[in-house]
Amino acid sequence: MWTYHPHLLEQPVPRYTSYPTAAEFSDAVGPDEMCRALGLIGEKDRLSLYVHIPYCQEICWYCGCNTGVANRPQRLAHYLEALDLEIGLIAQRLGGRGQVSHIAFGGGSPNAIKPIDFVRLVDRLVTAFRIARPIVSVELDPRGFTPEWAQVLSLTGVNRVSLGVQSFSPAVQAAIGRVQPTDLIENCVAQLRGRQIDNINFDLMYGLPGQDDAILLDTLSEAVRLKATTISLFGYAHVPHLIPRQRRIDATALPDVRARFDQAAKGHAFLLEAGYVPVGFDHYALPGSPLALAQKDGTLRRNFQGFTADPHDSLIGIGATAISSFPGLLAQNEKNTGRYRMLVSAGRLPASRGILRSPEDQRRGHVIEQILCFGRANIAPLGDTPGYRHLLERHEALGLIRWEGDQLILSPEARPYARTIAVVFDKWRQATTMQFSHAI
Ligand code: SF4
């Protein structure tokens, strides 16, 4: 069982889906930098694509994504036209170089568009880029799922899906503005499995309004009963000063930090008992699943989609808000869908913010990624091991870490504190912590 050390959880810390984090992005990066990064991609370099659909059938009150309601067909049609244009712009600059082996659709909810439009989108990608037997993953909202979607996902070669579930409790669902009965989720899972799409992730949350240990464990039991391949168990981050739609959530019904810690710890113990392998600091995977294998064979990565078995260094983000990641650059597309459409219509790559990653950023990013993915890292490339040992003395005294020369090794009990350890290697984290949530 994990031990509660409140003083270690006081400082808000990033989730480190990139390093530097998006908080360090500025408008010093734009289309020219994106163009240069695409120009560096070699003939046989392996690539990943991420396509962002910033629309949902309904907007959940807790959601921090850049997404809008998919209630105006014309708006969706215009957005899909813009995606088509951006795909063309990127393909033109690649000139046939690079081989795509991973494609992820996220949002928002990719199934907010029509199934036939999804087919057209996949077709456009397949004809614009060199793609060979890709791993294709899609985030799905069970509320908009239909038999037609199951058929289309199967026909387009989708082999991994992630379902937004959060909680099976009707009371908690009502408190977060996301009502979806268990039957609906069960039916969605059955239809996917009926089409041989077996790799199914459930996104679940603890720390939700009105949620106690028993309610959380009931939700986890349901996820285990439905044989979720992986479970992402996130702590709900209540930051209404940053995400105004969260004001609809009753803050007085939220568990406090101690209760959140206990929920995370009990959820962890429950899932281990149920046979899941812990991956990173908030994922659980069935043994033999791609994520568990990636952790075992050392290829697990952390990117904008969280912990992933996608091993590539170059990820091209397509769509409003999408972030592209290259060894020397992080570039985010224009967030506003209207401006995004105007840019691509004018034949411009829509990158509007980002950061150039220096060699030092890359070394620090690697250390942070290793800590979060594998619970250990060789910090020699950063120099000054004694200085870092000093900064982590509190963690060492509590038995959360140990050192073997320049190797930093986290104990299994350090899992809830992994981000508070990683932050020590983040040169940017000094005055900006208000933008982040607590580590638990
Ligand atoms: S369905 Fe997902 S992306 Fe859409 S509002 Fe809800 S949580 Fe956000």
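Note that ligands are numbered from 1 as they come in the structure, with each ligand's atoms numbered from 1 the same way.
Taking the centre and axis of the six-membered ring of Phe307, the NZ or CZ atom of Arg302 falls inside the cone set by 45° and 6.0 Å.
Every atom of ligand 1 is numbered from 1 in the order shown, and the set under 4.0 Å from a heavy atom of Cys56 is 1 (S), 3 (S), 4 (Fe), 5 (S). Of all the atoms in ligand 1, the ones that sit under 4.0 Å from a non-hydrogen atom of Tyr62 are 7 (S). Every atom of ligand 1 with a heavy atom of Ile59 under 4.0 Å away is listed here by number and element: 5 (S). For ligand 1, the atoms closer than 4.0 angstrom to any heavy atom of Cys63 are 3 (S), 5 (S), 7 (S), 8 (Fe). Of all the atoms in ligand 1, the ones that sit under 4.0 Å from a non-hydrogen atom of Asp141 are 1 (S). Taking every heavy atom of Gly108 and a limit of under 4.0 angstrom, the matching atoms of ligand 1 come to 3 (S). Ligand 1 places these atoms under 4.0 Å from at least one heavy atom of Ser109: 1 (S), 4 (Fe).
Of the residues listed (Leu372, Leu410, Ile371), the one engaging Phe281 in a side-chain contact (heavy atoms from CB on, under 4.5 Å) is Leu372, and it is the only one.
At a cut-off of 3.5 Å, with distance as the only test, no side-chain donor of Ser167 or Arg178 sits close to an acceptor on the other residue. In this model, a donor atom of one side chain and an acceptor atom of the other lie less than 3.5 Å apart for Tyr16 and Asp426. Side chain to side chain, Ser221 and Asp218 fail the donor-acceptor criterion of an N or O pair below 3.5 Å. In the model, Arg353 has a side-chain atom that pairs as donor or acceptor with a side-chain atom of Gln332 under 3.5 Å.
By the 4.0 Å heavy-atom criterion, Gln57 is excluded from the residues contacting ligand 1. Proximity of Gly164 to ligand 1 is not established, as no heavy-atom distance is less than 4.0 Å. Within the structure, ligand 1 has Arg178 among the residues with a heavy atom less than 4.0 angstrom away.
Only the side chain of Arg143 comes within 4.0 Å of ligand 1, counting heavy atoms alone; its backbone N, CA, C and O stay farther away.
Between His7 and His5, the ring-plane angle classifies as perpendicular under the 30° and 60° cut-offs. Ring pair Tyr340/Tyr79 is tilted by interplanar angle, where 30° to 60° counts as tilted.
In terms of heavy atoms, Ala223 sits closest to Phe202 at CB-CD2, 3.7 Å.
Not a single N/O/S atom of Cys65, whether from backbone or side chain, sits less than 2.8 Å from atom 8 (Fe) of ligand 1. Taking 2.8 Å as the criterion, Cys60 counts as a coordinating residue of atom 6 (Fe) of ligand 1, since one of its N, O or S atoms falls below it.
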